[in-house]
2 protein chains.
Amino acid sequence: MKTGNVEIGRRFERFQAACRKAGVKLTHQRLEIFREIAGSSEHPDAETVYRGVRARVPTVSLDTVYRTLWLLDGLGLITTLGPRRESVRFDPNLAHHHHFLCVQCGRAMDFESPDLNALSIPASVKKFGSVLATHVEVRGVCAACAKETVAGRTNVTGRPRRKPSKL
Amino acid sequence: MKTGNVEIGRRFERFQAACRKAGVKLTHQRLEIFREIAGSSEHPDAETVYRGVRARVPTVSLDTVYRTLWLLDGLGLITTLGPRRESVRFDPNLAHHHHFLCVQCGRAMDFESPDLNALSIPASVKKFGSVLATHVEVRGVCAACAKETVAGRTNVTGRPRRKPSKL
DNA sequence: TTAGGTGCAAATTCTTTGCACCCTG
DNA sequence: CAGGGTGCAAAGAATTTGCACCTAA
């Protein structure tokens, strides 16, 4: 899975511009960590990124990778898969349904929609494997969090609090 | 968020039938753990289920909750949100895209689809909060895993291996 | 210069495992 | 009665934090 050079270049520009705008420093480590992730269409975890970066910057620390990854996430330069920095959650609702996920507190709400149940998946997906289920994931900020977010701080720092806001 | 009694009853029957069919014992703890999760439309994590069950069965242990939850998952009685027992993964692809998630190995593949990008979300979702993004999550078994799964063992035991199959 | 970044090591939290005893089928 | 299931305590992993030194702007 390779990503075109043109696209990678674009991602770098976006990165540098975002750093400037957000007033965060453009360090060697950040550059290399970004390079590591921007160049792949894999969905690496922190450990994997760490291993890759260490090949070029032997002194980086795993926690810098974590901080940078969350920084990039905060800057909107990358996203995460699934629930955000929360552990696995279980869902007893076996009816076909969909989720609204709050990106602040991690809360998940169910909703139903016959239209969405009837989604047709592009044929190209079949080449990945056999399909068991399909659902729509909507991300946003839930009403409760929107209210709390007084001054719109976005915590771009890459230093998350351990429990963002346990439900 | 409450779930109707009829539906709960149905879930219990399904549970007992599934246990019988899979040949796993129907213990007091399992019943109570199932009751705890079947009765809510929250999406609790293991810790939350544990607290709830402990109110009725003071001696349950957290690890029994974990085992039972994964057992229920293995039996197809509940599902999980997001990636399956994997840590957070990051995605550098900012283009609107969708995911195919392998339920065996956790690998995620991107795919694009103008049709899916154009999904219209039901108006009822707006009451949850503001929508930032929407994407489709397809779950299935990837080609690689399908090949490996020789005898179709589904690991219903609830005793997962620590690293199911690190990508 | 100087506030923001970094590396290190220790702390935390979340999960899983080993094992002896217990209970369902 | 037998083998799966359970609780406990300890091991392991994945993340985060405190802090003193370093460096981009």
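Every chain is numbered from 1, with letters handed out A, B, ... down the list of sequences.
- Between B/Lys25 and B/Thr64, the residue anchored nearer the 5' end of DNA chain D, judged by the nucleotide with its closest heavy atom, is B/Lys25.
- Judged by distance alone, with hydrogens and angles left aside, A/Asp63 brings a side-chain donor or acceptor within reach of the base of C/dC8, the pair sitting under 3.5 Å.
- In terms of position on DNA chain C, the residue among B/Leu62 and B/Thr27 whose nearest nucleotide sits closer to the 5' end is B/Leu62.
- One interatomic measurement links the two molecules: NE2 of A/His28 to C1' of D/dA25, which rounds to 18 Å at whole-angstrom precision.
- Ranking D/dT6, D/dT23, D/dG5 by closeness to the B/Thr68 side chain, first place goes to D/dT6.
- Distances shown here put a side-chain N or O of B/Arg30 below 4.0 Å from the OP1 or OP2 atom of D/dT6.
- The shortest heavy-atom contact between A/Glu36 and A/Val49 is CG-O, 3.8 Å.
- The side chain of A/Tyr66 places an N or O atom within less than 4.0 Å of a non-bridging phosphate oxygen (OP1 or OP2) of D/dT15.
- Within the structure, every pair that satisfies the side chain to side chain donor-acceptor pair (under 3.5 Å) test and touches residues 117-127 of chain B, not counting sequence neighbours, is listed here: B/His98-B/Asn117.
- For the pair A/Val65/A/Ile33, a side-chain contact is recorded, criterion being any heavy-atom separation below 4.5 Å from C-beta on.
- Rounded to an integer number of Å, the gap from CG of B/Asp45 to P of C/dC14 is 8 Å.
- Atom P of nucleotide D/dG5 and atom CD of B/Glu32 are separated by 18 Å, given to the nearest angstrom.
- Taking atom CG of B/Leu31 as the reference point, atom C1' of D/dT6 lies 15 Å away to the nearest angstrom.
- Counting to the nearest Å, the C1' atom of D/dT15 and the CG atom of A/Asp73 are 15 Å from each other.
- Ion pairing of A/Arg139 with A/Glu137 is present here, as a side-chain N (NZ or NE/NH1/NH2) and a carboxylate O approach within less than 4.0 Å.
- Contact annotation: B/Trp70 side-chain N/O to C/dT15 OP1/OP2 distance is not under 4.0 Å.
- Nearest-nucleotide positions on DNA chain D for B/Ser61 and B/Gly23 put B/Gly23 closer to the 5' end.
- On a pure distance criterion of 3.5 Å, no polar donor-acceptor pair joins the side chain of A/Arg67 and the base of C/dG4.
- Taking the six-membered ring wherever Trp is involved, the centroid distance between the rings of A/Phe100 and A/Phe111 does not fall below 6.0 Å.
- Residue B/Ile33 contributes atom CD1, which lies 12 Å from atom P of D/dG5 at whole-angstrom precision.
- In this structure, CD of B/Gln29 is placed 9 Å from C1' of D/dG7, rounded to the nearest angstrom.
- The distance between atom OH of B/Tyr50 and atom P of D/dT6, rounded to the nearest whole Å, is 14 Å.
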